Amino acid sequence: MLGISRAAVTGLIDAGFVSPTRGSRNEHRFTFRDLMLLRTAHELRKANISSRKILRSLERLRATLPEELPITGLRITAVGDRVAVRDRQDHWEADSGQLLMDFEVAPVHGSVAFLQRPPEPGDSFPADHESWFARGAQLEDDDPVNAEAAYRQALAIAPDYVDAYLNLGAMLCESKRCDEAVELYGRALKYCPGSALVHFNHAIALEDQGRLEEAVASYEHSLQLEPTLADAHFNIGRLQEQLGDARRALRHYSAYRRLH
């Protein structure tokens, strides 16, 4: 769904970078941190860096960092054919194993905590939507209220920013605010009608509201845009069973098995 090959996702799972579980619909369930890392791998792959080199670089990077530091807390990009890493102050090459940075850390009960620089007069947060999105992703676990505000600010700046819709919509669904999620995805479809994942997530929100026929239609839209979206076939099959159409359910289950 993120445009990443199954081989790359499997490699990230086998290497221990992401640990998805299976949901009640037999779908993979990733954490937000997992999705951030998968998107990073996707961007590196788009820069023509091989999956093998991506995995090797991430392995070496993880081996050189303190255990408590999540790789998703750093910005990982491509520089030519190399994987580079940047934090707020420094920039270094992951593959070399040499960190050209100075971690601001302090021991806390035998662990490590990363300290933020105190704000100084004249400091202001960047106005670009990607910075607000990164802030939202960073705050999701510990401060969901401000994470939501950051995502909404990103969307105010860039109303067609798909990633912000997806993260914010998932947050709303997880907090049982399904009505708000449906409304958000409805707005997303006005700006991002070509996103299969927006249609897919819209269907999940509709399903949570009990609007099964509308959910089926939204899953079908996602398949029109991305025919290999196996989980959409599985979910349609499950909903068609509930709606009493065994023939259509079987057809979609068969398509799900073929894609797997």
Side-chain angles (χ1 to χ4, degrees), residues 1-10 12-13 18-32 34-36 38-39 41-42 140 148 151 155 159-260:
M1 289 183 291
L2 295 172
I4 309 169
S5 71
R6 288 187 179 275
V9 173
T10 300
L12 288 167
I13 294 172
V18 294
S19 303
T21 58
R22 284 286 184 177
S24 59
R25 303 162 186 164
N26 199 38
E27 76 279 13
H28 277 114
R29 302 290 293 178
F30 292 95
T31 67
F32 285 116
D34 289 341
L35 292 176
M36 289 292 288
L38 289 172
R39 274 201 297 270
H42 177 48
E140 271 186 17
E148 178 180 340
Y151 286 138
L155 290 171
D160 59 347
Y161 193 23
V162 172
D163 288 350
Y165 284 116
L166 297 177
N167 280 22
L168 178 56
M171 285 184 65
L172 294 175
C173 283
E174 287 190 353
S175 59
K176 308 302 181 185
R177 296 159 63 187
C178 299
D179 293 347
E180 294 178 60
V182 169
E183 181 181 358
L184 177 76
Y185 286 130
R187 179 156 58 95
L189 291 172
K190 295 179 182 179
Y191 292 100
C192 319
S195 170
L197 195 53
V198 168
H199 283 281
F200 184 92
N201 284 16
H202 186 215
I204 291 176
L206 289 168
E207 190 176 340
D208 288 342
Q209 283 189 321
R211 298 159 63 179
L212 304 190
E213 292 182 349
E214 293 176 74
V216 168
S218 195
Y219 283 130
E220 288 175 340
H221 277 302
S222 72
L223 284 170
Q224 290 172 10
L225 294 165
E226 181 51 70
T228 62
L229 199 53
D231 287 343
H233 281 294
F234 183 89
N235 288 357
I236 293 174
R238 179 176 45 76
L239 293 181
Q240 291 296 355
E241 279 189 317
Q242 297 180 42
L243 293 169
D245 193 336
R247 180 174 296 181
R248 288 187 67 190
L250 180 61
R251 185 166 72 247
H252 283 284
Y253 281 141
S254 297
Y256 172 79
R257 285 194 295 270
R258 284 198 304 272
L259 289 170
H260 273 282

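By convention here, the first residue in the shown sequence is residue 1. Please read all numbers here as calculations on a predicted model, not as lab measurements. Hydrogens, waters and symmetry mates are skipped; everything else that's a heavy atom, side chains included, is used.
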Can you name the nearest heavy-atom pair linking Arg257 to Leu250, along with the distance?
NH2-CD1, 4.4 Å
Tell me whether Glu213 at atom CD has more than 12 heavy atoms from other residues, nucleotides or ligands lying less than 6.0 Å away.
no
Search all heavy atoms of Glu148 against all heavy atoms of Met171 and return the closest pair with its distance.
N-CE, 4.3 Å
Which value, rounded to the nearest 0.5 Å, describes the distance between Leu223 atom CG and His199 atom NE2?
11.0 Å
Within a strict 4.5 Å, meaning less than it, do heavy atoms of the Arg211 and Val182 side chains meet?
yes
Under 3.5 Å, is there a donor-acceptor pair between the side chain of Tyr165 and the main chain of Pro159?
yes
Can you tell me how far CG of Asn235 sits from CG of Leu212, rounded to the nearest 0.5 angstrom?
11.5 Å
dist His233:NE2 -> Thr228:OG1 (nearest 0.5 Å) comes out at 8.5 Å
When rounded to the nearest 0.5 angstrom, what distance separates CG in Leu168 from OH in Tyr185?
8.0 Å
Heavy-atom closest contact (Gly169 atom, Ala181 atom, distance)
O-CB, 4.0 Å
Side chains of Tyr151 and Glu140: any donor to acceptor distance under 3.5 Å?
yes
Taking all heavy atoms of Pro193 and all of Leu225, pick out the closest pair and write down the distance.
O-CD1, 3.6 Å
To the nearest 0.5 Å, atom CZ of Arg238 lies from atom NE2 of His252 at 12.5 Å
Does a sphere of radius 6.0 Å around CD in Gln242 hold more than 12 heavy atoms from other residues, nucleotides or ligands, not counting ones at 6.0 Å or beyond?
yes
Mutual orientation of the aromatic rings belonging to Phe200 and Tyr219 [parallel < 30°, tilted 30-60°, perpendicular > 60°]:
perpendicular
More than 12 foreign heavy atoms under 6.0 Å from OH of Tyr253: is that the case here?
yes
Contact summary for Ala249 and Glu241, nearest pair of heavy atoms:
CB-CG, 3.7 Å
For the residue pair Ala196 and Glu226, what are the closest heavy atoms and their distance?
CB-CB, 3.7 Å
With a 4.5 Å cut-off on side-chain heavy atoms, are Val162 and Leu197 touching?
no
Nearest 0.5 Å, what's the CG-OG distance between Leu259 and Ser254?
11.0 Å
